[in-house]
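Have a look at the structure below, then the notes.
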Amino acid sequence: MQASTMAAADSTKKEGFWSNWKCQVMELLYWRNLKQSGLVFGSFLLLLFSLTQFSVVSVVAYLALAALSATISFRIYKSVLQAVQKTDEGHPFKAYLEVEMSLSHDQMQKYAENAQYYINSTLKELRRLFLVQDLVDSLKFAVLMWLLTYVGALFNGLTLLIMVVVSMFSMPVVYEKYQAQIDQYLALIRTQVNSVVGK
């Protein structure tokens with residue numbers, strides 16, 4: 001009885017975490033808090049533009065150096081301030097150092113099971129497509145791959161990622177503003193596509 005109650009509470013806590021996380025992402029994408037959205041959007045773009053100019057190793061090393069420079073400078077500043085004011089505040093990052101950051105065995109097992117499920121389903125789908133279990137699906141996949149060769153000739157992966165990030169932070173706001181007009185045009189396009197497919 002107690003174990004089932006604890007499991008239900010744990011499940012509710014996880015669901016609350018994920019729903020809260022999704023709400024935070026939606027608030028970022030809809031620019032509810034301009035400073036937060038701008039900071040996240042700018043950071044993503046800066047990171048992606050850095051990766052277009054430098055290697056991943058260089059970008060990671062520079063980011064680590066920048067973070068270390070900031071934390072070391074802040075630690076030295078706080079130490080000097082404590083020495084001058086003769087206070088005993090302790091380590092400035094003590095609260096963060098005491099936060100538990102280890103994953104439990106159950107969490108690791110859950111993530112491993114989720115990864116295993118997605119890998120297995122992807123492998124089954126790829127096997128089905130490449131070994132032509134359904135001719136129509138395999139032909140659709142072939143057309144998609146053929147179209148991707150043209151996309152790959154026009155853009156590299158980082159350019160596509162930059163376009164995805166810009167779209168993620170702009171399209172929800174545009175759709176929210178002009179939802180009626182966009183829905184009207186989408187309905188027109190859908191009817192045209194359906195009529196072409198019907199013919």
Considering all heavy atoms, the nearest [X]-[Y] contact:
X: S167; Y: P172; answer: O-CD, 3.6 Å
X: S170; Y: V166; answer: OG-O, 2.7 Å
X: A95; Y: V99; answer: O-CG2, 3.2 Å
X: S58; Y: F54; answer: CB-CB, 4.0 Å
X: M108; Y: L103; answer: SD-CD1, 3.5 Å
X: T52; Y: I162; answer: CG2-CD1, 4.2 Å

Side-chain cluster (under 4.5 Å, hydrophobic types only) that Y30 belongs to, other residues:
M26
Apply the hydrophobic cluster definition, ILVMFWY joined by side-chain contacts under 4.5 Å directly or through others, and give me every member besides L135.
V132, L139
Can you measure from [atom1] ([X]) to [atom2] ([Y]) and round to the nearest 0.5 angstrom?
X: H105; Y: K110; atom1: NE2; atom2: NZ; result: 14.0 Å
X: L161; Y: L51; atom1: CG; atom2: CG; result: 9.0 Å
X: C23; Y: L28; atom1: SG; atom2: CG; result: 11.5 Å
X: S195; Y: R190; atom1: OG; atom2: CZ; result: 13.0 Å
X: K124; Y: Q133; atom1: NZ; atom2: CD; result: 11.5 Å

List in chain and number order the residues that pass side chain to side chain contact (heavy atoms under 4.5 Å, CB included) with [X], two or more places apart in sequence or in another chain; answer none if no residue qualifies.
X: Q85; result: L81, T87
X: S102; result: E100
X: S104; result: D106, Q107

Side-chain heavy-atom pair [X], [Y] within 4.5 angstrom cut-off:
X: K78; Y: H91; result: no
X: M168; Y: V164; result: yes
X: L126; Y: T122; result: yes

Evaluate whether atom CZ of F41 has more than 12 neighbouring non-hydrogen atoms of other residues, nucleotides or ligands under 6.0 angstrom away.
yes
Check this for me: Y175, atom OH, are more than 12 non-hydrogen atoms of other residues, nucleotides or ligands nearer than 6.0 Å?
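Enclosed: over 12 neighbouring heavy atoms sit under 6.0 Å from OH of Y175.
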Does anything in [range] form a salt bridge (Lys or Arg N to Asp or Glu O under 4.0 Å)? List the pairs, not counting sequence neighbours.
range: residues 155-170; answer: none
range: residues 24-45; answer: R32-E176
range: residues 137-164; answer: R128-D137

Take I182 and L186, measure what side chain to side chain contact (heavy atoms under 4.5 Å, CB included) needs, and give me the verdict at the end.
CA-CA 6 Å; I182 292 172; L186 284 176; 3.9 Å; yes
Closer than 3.5 angstrom, by distance alone: can the side chain of [X] be matched with the main-chain N or O of [Y] as a donor-acceptor pair?
X: S50; Y: V59; value: no
X: W31; Y: F169; value: yes
X: T191; Y: A187; value: yes
X: S37; Y: L34; value: no

Under the ring pair (Phe, Tyr, Trp, His ring centres under 6.0 Å) definition, can you give me all pairs with a residue in residues 55-90, not counting sequence neighbours?
F74-F93
Can you list every ring pair (Phe, Tyr, Trp, His ring centres under 6.0 Å) pair that touches residues 126-160, not counting sequence neighbours?
F130-F141, W146-Y150
For the hydrophobic clusters of this structure (ILVMFWY residues joined by side-chain heavy atoms under 4.5 Å, transitively), does one cluster hold both [X] and [Y]?
X: V84; Y: I76; answer: yes
X: M171; Y: L29; answer: no
X: L148; Y: L129; answer: yes
X: V193; Y: L188; answer: no
X: L45; Y: M163; answer: no

Applying ring-ring contact (aromatic ring centres under 6.0 Å, His included) to Y178 and not counting sequence neighbours gives none
With T159, which residues qualify under side chain to side chain donor-acceptor pair (under 3.5 Å), at least two apart?
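Partners of T159 by the side chain to side chain donor-acceptor pair (under 3.5 Å) criterion, ordered by chain and then number, come out as N156.
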